[in-house]
Student: 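Just passing along the structure, written as structure tokens.
Sequence lines set the chain letters: A, B, ... in the order given, protein chains first and strands last, and positions in each chain run from 1.
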Protein chains: 2
Amino acid sequence: MVRKPTSKETARKPNMREAILAAAEELFATNGFNAVSVRDIAQAAGANPGSVTYHFKTKDGLLLEIYRRHCGPMNLRRSELLAAAKRVRDLQDRLEAVVRAYVVPAFTSGSDLAGGGARFTRLRAVMSAEGNEVARKIIAQTFDDTSHAFIDAIHDSLPHIPRTDIVWRSHFLLGALYYSLVTPDRVSRLSRGETDGGDPANAIEQLVQATVAAFQAPALDQAAPARRRTVASSKT
Amino acid sequence: MVRKPTSKETARKPNMREAILAAAEELFATNGFNAVSVRDIAQAAGANPGSVTYHFKTKDGLLLEIYRRHCGPMNLRRSELLAAAKRVRDLQDRLEAVVRAYVVPAFTSGSDLAGGGARFTRLRAVMSAEGNEVARKIIAQTFDDTSHAFIDAIHDSLPHIPRTDIVWRSHFLLGALYYSLVTPDRVSRLSRGETDGGDPANAIEQLVQATVAAFQAPALDQAAPARRRTVASSKT
DNA sequence: ATGTGATTTGTACTATCGTACAAAAGATCA
DNA sequence: TGATCTTTTGTACGATAGTACAAATCACAT
């Protein structure tokens, strides 16, 4: 179909395998796993449905390979940034650096795949929402260590906050991060169109700033007693 | 259309229509829209597949009816709580009350359907992640007004924060809220099993506390200059 | 140029999907 | 009771799903 002008380079039109991976990543991330058929992927990649079976055996195998492709680089990058962040001496600055080390690789490229970071993170968000089993397994065994490392680092910057609260707030961070990537235009819509919903740098800044403040909130148990109010207590 | 239930009880085998709605709600919320077949729903409801077609015409129609069933009551409850929150005089207390008015109906029942609040909110989270068109439309025309009302109320409590930042942080709130309901056990897992990941009241408190702090963070543009740090500036 | 192993294509198979529709069953009231 | 609705059942149909597999094609060392 597409002719290679030269037989020298293997990756003239990128390996087809790569094209399939990229197409699948994009389609899965925007539509979910079950809504996308193997034929959809093949068509988007300019490939034959049989090619997908050849390279990845099954649809699950394709998803698994997408994860394998990204998890390593993204974790590596996070580790590097986390190590650098830990060296920041000022406690507040360090907290911000740690949060940034967590957020940045999720938005920007986690490997050499173009724009891969945001797309893969969005994919993770969607798979998580769908309760995809393949994704759940590989994520649990790949990211839980990283999550713990970050939680520990944050806890070091906020020794007076109980670990439980740190975990909750990290959880909220991940949710906010996911949602930002799942609905990339919702912010501009609600902002009455005057803003930069699509600018990832701005999204990162907003997320980091808000998250740092959330982490710094007083601990739940020891919150100032005067602060307890129950405006919405009826249970229905 | 509405036949008097008459003969002694309201429904000896509960309306079947309700059973189908409940089963669909549960299955969609945990597995996504496309992963669940009409036959799955019928079986879970103890009904015949044809019954689903009879009551809701199409699968989309079934989803639409689920939304119709919940959106009204939940918005009503939010409005009530928001109105009450707005009457709180102290600015910080009011902010917390407003956030609570937004969060509580999403966790607890928004109508008389048992446990409907959390389940429906989880459903919304999943549909949002999957980019479901039916859900997107009805949500945009049902919740955007509410969202604006909340954003306005929060802005009133934080006049010095630009509206853009408020919108972002509301966005993060919704993401955190969604994610808490999508992965109900992740917190306990990361907390090394000693905590209450399944307790909704605790989740609400954690979310409200963290979110209030996030809203109160300094505005992005006017953040203290000394605070700007770029520990993660390299781009890939 | 040719043989060889790696890919790509085309097609086919079975399972399951959403939906339609006629017949059966149940309920309501003259 | 019999007539007339509403609801449930059973079954079927066309479309599409994931996957398998043989044939065709390609890349390249010889």
Side-chain angles (χ1 to χ4, degrees), chain A residues 1-25 27-28 30-66 127 130 132-135, chain B residues 1-25 27-28 30-66 127 130 132-135:
Chain A
M1 182 199 288
V2 174
R3 278 217 116 45
K4 295 182 160 182
T6 94
S7 52
K8 208 137 219 191
E9 276 310 275
T10 339
R12 180 64 180 176
K13 157 118 181 225
N15 244 342
M16 188 83 293
R17 187 187 145 94
E18 297 299 326
I20 293 171
L21 278 169
E25 204 178 299
L27 288 172
F28 285 157
T30 50
N31 300 105
F33 185 75
N34 290 280
V36 177
S37 71
V38 173
R39 287 168 174 84
D40 291 337
I41 296 165
Q43 182 167 29
N48 188 283
S51 250
V52 179
T53 307
Y54 171 72
H55 284 290
F56 307 101
K57 201 63 189 168
T58 69
K59 199 182 171 188
D60 277 356
L62 173 53
L63 181 64
L64 202 64
E65 184 56 29
I66 293 174
M127 293 304 114
E130 289 187 319
N132 185 287
E133 267 305 295
V134 174
Chain B
M1 180 55 182
V2 178
R3 278 246 162 273
K4 178 177 51 173
T6 71
S7 39
K8 298 173 202 163
E9 333 143 72
T10 344
R12 48 172 196 264
K13 165 105 177 233
N15 237 340
M16 192 81 294
R17 187 187 144 95
E18 299 298 327
I20 293 171
L21 279 170
E25 206 178 297
L27 288 172
F28 285 158
T30 48
N31 300 105
F33 185 77
N34 290 282
V36 177
S37 72
V38 173
R39 287 169 175 84
D40 291 337
I41 296 165
Q43 183 167 25
N48 189 283
S51 250
V52 179
T53 308
Y54 171 72
H55 284 290
F56 308 101
K57 201 62 190 170
T58 69
K59 197 182 173 188
D60 277 355
L62 173 53
L63 181 64
L64 201 65
E65 183 56 28
I66 292 174
M127 294 302 114
E130 289 187 319
N132 185 288
E133 267 305 296
V134 174

Student: Write down the distance between CG (N31(B)) and P (dC17(C)), rounded to a whole number of angstrom.
Tutor: 13 Å
Student: Could you give the CD1-to-P distance, from I20(A) to dG18(D), as a whole number of Å?
Tutor: 14 Å
Student: Taking N15(B) for its side chain and E18(B) for its backbone only, find out whether a donor-acceptor pair lies under 3.5 Å.
Tutor: no
Student: Kindly say if N48(A) contacts the phosphate of dG10(C), meaning a side-chain N or O under 4.0 Å from OP1 or OP2.
Tutor: yes
Student: Please find the pair of heavy atoms, one from V134(A) and one from N132(A), that lie closest to each other, and give the distance.
Tutor: N-OD1, 3.0 Å
Student: Identify, residue by residue, the members of residues 50-60 of chain A with a heavy atom below 4.0 Å from DNA chain C, and return them in order of residue number, or none.
Tutor: G50(A), S51(A), Y54(A), H55(A)
Student: What heavy-atom pair brings M127(A) and G32(A) nearest, and what distance separates the two atoms?
Tutor: CE-C, 4.1 Å
Student: Which pairs pass ring-ring contact (aromatic ring centres under 6.0 Å, His included) with one or both residues in residues 30-63 of chain B, sequence neighbours excluded?
Tutor: F28(B)-F33(B)
Student: Take the protein atom CG of N15(B) and the nucleotide atom P of dT7(D), then report the distance between them rounded to whole Å.
Tutor: 8 Å
Student: Tell me the side-chain hydrogen bond (donor to acceptor under 3.5 Å, both in side chains) pairs involving residues 39-48 of chain A, sequence neighbours left out?
Tutor: S37(A)-D40(A)
Student: If the condition is side chain to side chain contact (heavy atoms under 4.5 Å, CB included), which residues does T53(A) pass it with, not counting sequence neighbours?
Tutor: none
Student: Take L62(B) and L21(B), measure what side-chain contact (heavy atoms from CB on, under 4.5 Å) needs, and give me the verdict at the end.
Tutor: CA-CA 7 Å; L62(B) 173 53; L21(B) 279 170; 3.8 Å; yes
Student: Below 4.0 angstrom, which residues in residues 35-44 of chain B have at least one non-hydrogen atom near DNA chain D?
Tutor: R39(B)
Student: Take atom CZ of F33(A) and atom P of dA17(D), then tell me their distance rounded to the nearest Å.
Tutor: 13 Å
Student: Nearest 0.5 Å please: distance from the CG atom of L63(A) over to the NZ atom of K59(A).
Tutor: 9.0 Å
